[in-house]
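Chain naming here is simple, since letters A, B, ... match the order of the sequence lines and numbering starts at 1 in each.
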2 protein chains.
Amino acid sequence: MTRRAILSPEKAVLGLLMRGPMHGYELYQKYATELGPIWRAGRSQVYAILKQLEETGQVAAQTEWQPSRPARKVYHLTPAGRQAFLDWVHQPVKSIHDIRVLFLAKIYFLRQLELGGLEELIAAQKAVCRERMQAIAQAAANLEPTDFAHLVSEFRYRQMEAILGWLDHCSRQFAVQGEST
Amino acid sequence: MTRRAILSPEKAVLGLLMRGPMHGYELYQKYATELGPIWRAGRSQVYAILKQLEETGQVAAQTEWQPSRPARKVYHLTPAGRQAFLDWVHQPVKSIHDIRVLFLAKIYFLRQLELGGLEELIAAQKAVCRERMQAIAQAAANLEPTDFAHLVSEFRYRQMEAILGWLDHCSRQFAVQGEST
DNA sequence: GGCCTCATGTAATCGGTTACATGATTAG
DNA sequence: CTAATCATGTAACCGATTACATGAGGCC
């Protein structure tokens, strides 16, 4: 089967480095305050991710020596890392859980880095959500309304509905902002 | 710190045993088809949970020998296990994620085992959700609507709203069923 | 003197998934 | 002959959390 969905915040680390080079400690600080609330990671984990990204050639580092302070490793994106991030950030996601984590992070980065494609991402995500809603409704249609599985479907349907409403809210929000700039 | 929130389906295993004694293999079958969709667990995990529940005295087992088949260990609840389950099943949960997993399971068991207290649980859960919504709204009040954190709040608020709607739907559903019986 | 910040990492642990091992019986 | 079902478990691995180690400097 192997329907694994590795959910480690490596893309978020790449996203933070899109702003410019940073060393691990600083990166974690930024991470914890800005993205921590939606996509949590520990300090050790961030260091581990940086190490792994370095091994796979997505980031590179120079060591900076400073007097009477520990040396710091300043990381910057490689072209490969930059591309990996850009490929990721424009893709909509599938599950509700991914929307709560990955999609919010994508919005965050698209706005902050002013990359463009925000409207397109939201539109694409809406389409994905509508598909999922249809699938849920179809699955529920064959069930008795008293059935437990029907209750579960109802739950998921409503969750998706709420997300669609929120996506609309996002569209409107960004449209207004877009006009004023 | 240690704000551990172990989310392993041990309560669900106890819940299945509320129906009567079962051996591990059978329990997993029931688990996978009935609860698997909302609270997933692997086969090994279920065996591990049974072992752990036995060690903590919440279940006990007898080995049944049968000709030309592997022996089976038939588990049954101890009074402690029964009590642990009953304590758990009547408590509302805090997070959205827990509602998607734990709360749905609680509903499932309360209905199936006809334990009573369904209405009370739903009412208690509604109260918890309303509290969370107020907290979210209050946190968002101090933020600019263009702020990312505000968007996140908006998201969570709408999710909670949808859950409240669904809880109402549940109430109505069960009220109708209650009348007809 | 004790604690916080800066700065990096390793090691232990934990919960969960996947793979492996056994071995008889039955269905295709 | 092969695959699946019955029935139980162990072992390896993987991602994430927690604790530990180091060591200078500043604050109360």
*Measure from NZ on A:K51 to C1' on D:dA16 and round the result to the nearest Å.*
16 Å
_Between C:dG16 (C1') and B:Y31 (OH): distance, integer Å_ = 12 Å
*Taking atom types as modelled, is there a side-chain donor on A:Q58 or A:R82 under 3.5 Å from an acceptor on the other?*
no
*Nearest-Å distance, CG (A:L53) to P (C:dG9)?*
13 Å
Between the protein and nucleotides 6-8 of chain D, which nitrogen or oxygen pairs are less than 3.5 angstrom apart?
| residue | atom | partner | partner atom | Å |
| --- | --- | --- | --- | --- |
| D:dC6 | OP2 | B:Y25 | OH | 3.3 |
| D:dC6 | OP2 | B:Q29 | NE2 | 3.2 |
| D:dA7 | OP1 | B:Q66 | NE2 | 2.9 |
| D:dA7 | OP1 | B:R72 | NE | 3.2 |
| D:dA7 | OP1 | B:R72 | NH2 | 2.4 |
| D:dA7 | OP2 | B:H23 | NE2 | 3.4 |
| D:dA7 | OP2 | B:R72 | NH2 | 3.1 |
| D:dT8 | OP1 | B:K73 | N | 2.8 |
| D:dT8 | OP2 | B:G24 | N | 3.4 |
| D:dT8 | OP2 | B:Y25 | N | 2.4 |
| D:dT8 | OP2 | B:Y47 | OH | 3.1 |

*Closest nucleotide of DNA chain C for B:S44 versus for B:I49: which of these residues is on the 5' side?*
B:I49
*A:W39 CH2 to D:dT17 P: how many Å, rounded?*
13 Å
*Check the side chains of B:D87 and B:Q91 for a donor-acceptor pair under 3.5 angstrom, ignoring hydrogens and angles.*
no
*Are side-chain heavy atoms of B:F85 and B:L77 found at a separation under 4.5 Å?*
no
*Between A:V101 and A:H97, is any pair of side-chain heavy atoms under 4.5 Å apart?*
yes
_Any side-chain heavy-atom pair of B:K30 and B:L35 under 4.5 Å_ = no
_Any heavy-atom pair between the side chains of B:L53 and B:V13 that's under 4.5 Å?_
yes
*Considering just the side-chain nitrogens and oxygens of B:Q45, establish if one lies under 4.0 Å of OP1 or OP2 belonging to C:dG15.*
no
